[in-house]
2 protein chains.
Amino acid sequence: MTKITNAERPLRKDAAQHRQQLLTAAVQVFNEQGMDASVTEIARVAGVGIGTLYRRFPTKEALVDALIREILSTTIQMARDAVRSPDGVGLERFLEASSAYQAEHAGYLRRLWNTDHEMVKTVRQLIARLLVDAKKHGLIRHDLTSTDLSLAMFSLLGVLEATLPVAPDAWRRHLDLLIAGMRPAAADLPHRALSPASLDKVLATHKASLRPE
Amino acid sequence: MTKITNAERPLRKDAAQHRQQLLTAAVQVFNEQGMDASVTEIARVAGVGIGTLYRRFPTKEALVDALIREILSTTIQMARDAVRSPDGVGLERFLEASSAYQAEHAGYLRRLWNTDHEMVKTVRQLIARLLVDAKKHGLIRHDLTSTDLSLAMFSLLGVLEATLPVAPDAWRRHLDLLIAGMRPAAADLPHRALSPASLDKVLATHKASLRPE
DNA sequence: GTCTAAGCGGAGTGATCGCTCCGTATAATG
DNA sequence: CATTATACGGAGCGATCACTCCGCTTAGAC
């Protein structure tokens with residue numbers, strides 16, 4: 001376990017600022033052009049040279065990873081907040097809040113779930129807790145599993161990627177539909193849920209890689 | 001309106017066969033590697049030279065278009081069949097059948113809906129008819145619109161792209177959830193549906209382009 | 001003010017891509 | 001067969017990408 005956090009040695013003041021400019025520029029450029037935007041463009045928007053980008057982030061993937069870590073960190077915080085919601089409404093609050101947040105980072109969301117940081121597992125555990133709580137209060141059908149919620153995230157991602165530039169709120173309507181489907185009902189869902197082990201494999205194999213195999 | 005269908009002049013026998021081999025190879029390669037697989041690889045799998053590929057399809061995009069046209073044609077046929085279903089079950093049958101079919105072509109599905117062929121409009125009109133019929137029989141909630149169904153297609157696409165290689169049937173579970181959400185319910189969905197005009201814009205802007213802007 | 005480790009910019013590298021060009025081969029016609 | 005329009009293969013072109021390398025600059029410690 002290597003220390004990932006900074007603390008190795010404080011960056012020089014200008015370097016630290018450039019690093020932040022690069023992250024900001026990357027968010028903007030990825031959102032505008034998608035993940036195969038060129039690093040040159042990101043450096044240009046950030047107002048620094050390519051060399052500077054590559055000293056701060058040894059590879060394009062490392063840059064994306066830094067962004068992903070930010071998103072995961074915020075998402076975890078949202079889930080923690082939601083856990084404290086009363087009456088089992090935490091799950092719905094989390095789905096709404098995290099989707100709204102993710103809508104601002106749709107350009108590179110495909111990378112979100114297949115990073116092997118333990119942060120992903122943390123999110124999933126928190127979601128599982130939210131699900132249990134929501135069921136306990138009778139808000140969600142008993143046969144819904146937490147793997148179903150992972151599929152729902154991919155589902156929302158599909159809608160986001162398609163609609164975002166033109167109809168930035170369309171995902172809300174789709175989330176309505178998903179939640180309506182999650183309500184308690186007379187009959188169980190016809191098909192079996194994805195097993196947690198399979199979901200792990202899904203996230204590991206998910207073909208969101210930046211570079212070809 | 002130019003004639004798009006063949007009939008210009010019959011291809012030489014070997015050429016016609018090579019054309020078919022190329023289409024078959026393209027389906028396989030796109031499914032295995034995604035849409036940015038190289039044309040060289042497709043030609044290799046088809047057992048022909050690159051030159052041959054480019055005489056048959058003047059551009060990579062034209063090759064993809066030919067595949068898309070096949071899918072749309074099959075999808076239209078499925079929708080027509082579904083329209084003849086009794087008791088308003090046509091919509092669900094269509095969603096299941098078309099998803100199962102699309103699962104076999106997930107590699108290039110993003111291209112499906114943003115081609116401006118009138119075939120896309122035909123599909124959407126047929127889906128609208130299926131929706132009306134399903135509502136008439138009380139199977140689907142009254143406040144569901146046909147734009148909601150378009151979003152559902154993007155949703156399924158997102159699930160397909162994430163899960164297909166590892167859990168080829170996972171989409172069925174998600175479709176269960178979507179359909180459960182479409183059932184009649186006491187309360188309307190909280191958010192307004194996407195307007196048809198906006199959906200048109202979504203399909204036109206959808207960033208599934210092969211080449212950069 | 002001096003010194004130096006740290007940071008900087010961007011031309012250049014190698015790989016890959018879609019696509020073209022042209023000398024060669026062959027199916028179809030009589 | 002002979003003829004010819006048609007089809008074929010694949011080396012090569014230009015563009016683009018992620019990434020490296022190195023001479024120059026500068027922040028910050030003394």
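Order of the sequence lines sets the chain letters (A, B, ...), proteins ahead of strands, with each chain counted from 1.
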**Request:** Tell me which of A/Arg55 and A/Val39 sits closer to the 5' end of DNA chain D, going by the nucleotide each one is nearest to.
**Result:** A/Val39
**Message:** If you only use heavy atoms from C-beta on, which nucleotide in C/dT20, C/dG7, D/dA18 is closest to the side chain of A/Ser38?
**Reply:** D/dA18
**Complete:** Testing C/dC8, C/dC19, D/dC19 for proximity to the side chain of A/Tyr54, the answer is D/dC19
**Request:** Specify the separation, in whole Å, of atom NZ of A/Lys13 and atom P of C/dA5.
**Result:** 21 Å
**Item:** side chain to side chain donor-acceptor pair (under 3.5 Å) partners of B/Gln125, counting only residues at least two apart
**Value:** none
**Prompt:** What nucleotide, of D/dG9, C/dA28, C/dG7, holds the atom closest to the side chain of B/Thr52?
**Reply:** D/dG9
**Request:** Look at B/Arg172 together with B/Asp169 and state whether they make a salt bridge at an N to O cut-off of under 4.0 Å.
**Result:** yes
**Item:** Interatomic distance, B/Ile50 CD1 vs D/dC13 P [rounded to whole Å]
**Value:** 14 Å
**Request:** Give one of base, sugar-phosphate or nothing for B/Ala16, where a contact means two heavy atoms less than 4.0 Å apart.
**Result:** nothing
**Fill in**
Judged by nearest nucleotide, the residue sitting upstream toward the 5' end of DNA chain C, B/Gly51 or A/Leu11, is A/Leu11
**Complete:** Between CG of A/Asp36 and P of C/dT16 the distance, given in whole Å, is 18 Å
**Message:** Between B/Arg44 and B/Glu41, does any side-chain N to carboxylate O distance fall below 4.0 Å?
**Reply:** yes
**Prompt:** Using 4.0 Å as the upper bound for N to carboxylate O, is an ion pair formed by A/Asp133 and A/Arg84?
**Reply:** no
**Request:** Please state how far atom NE2 in A/His18 lies from atom P in C/dA6, giving the value in whole angstrom units.
**Result:** 18 Å
**Message:** Tell me the interatomic distance from B/Leu53, atom CG, to C/dC21, atom P, rounded to whole angstroms.
**Reply:** 17 Å
**Prompt:** Mapping B/Asp14 and B/Thr40 onto DNA chain C by nearest heavy atom, which one lands closer to the 5' end?
**Reply:** B/Thr40
**Item:** Rounded interatomic separation in angstrom, taking CZ from B/Arg44 and P from D/dA11
**Value:** 15 Å
**Asked** Taking A/Ser99 for the side chain and A/Glu96 for the main chain, is one N or O donor matched with an acceptor at less than 3.5 Å?
**Response** no
**Prompt:** What does A/Arg56 touch in the nucleic acid at a heavy-atom separation under 4.0 angstrom: a base, only the sugar-phosphate, or nothing?
**Reply:** sugar-phosphate
**Asked** Between D/dA18 and A/Thr59, is there an OP1 or OP2 to side-chain N/O distance shorter than 4.0 Å?
**Response** no
**Prompt:** Ignoring hydrogens and angles, does a donor from either the side chain of B/Arg12 or the base of D/dA7 sit under 3.5 Å from an acceptor on the other?
**Reply:** no
**Fill in**
B/Glu61 CD to C/dC19 P, in whole Å, measures 8 Å
**Prompt:** Could you state the CD-C1' distance from A/Gln17 to C/dA6, rounded to the nearest angstrom?
**Reply:** 16 Å
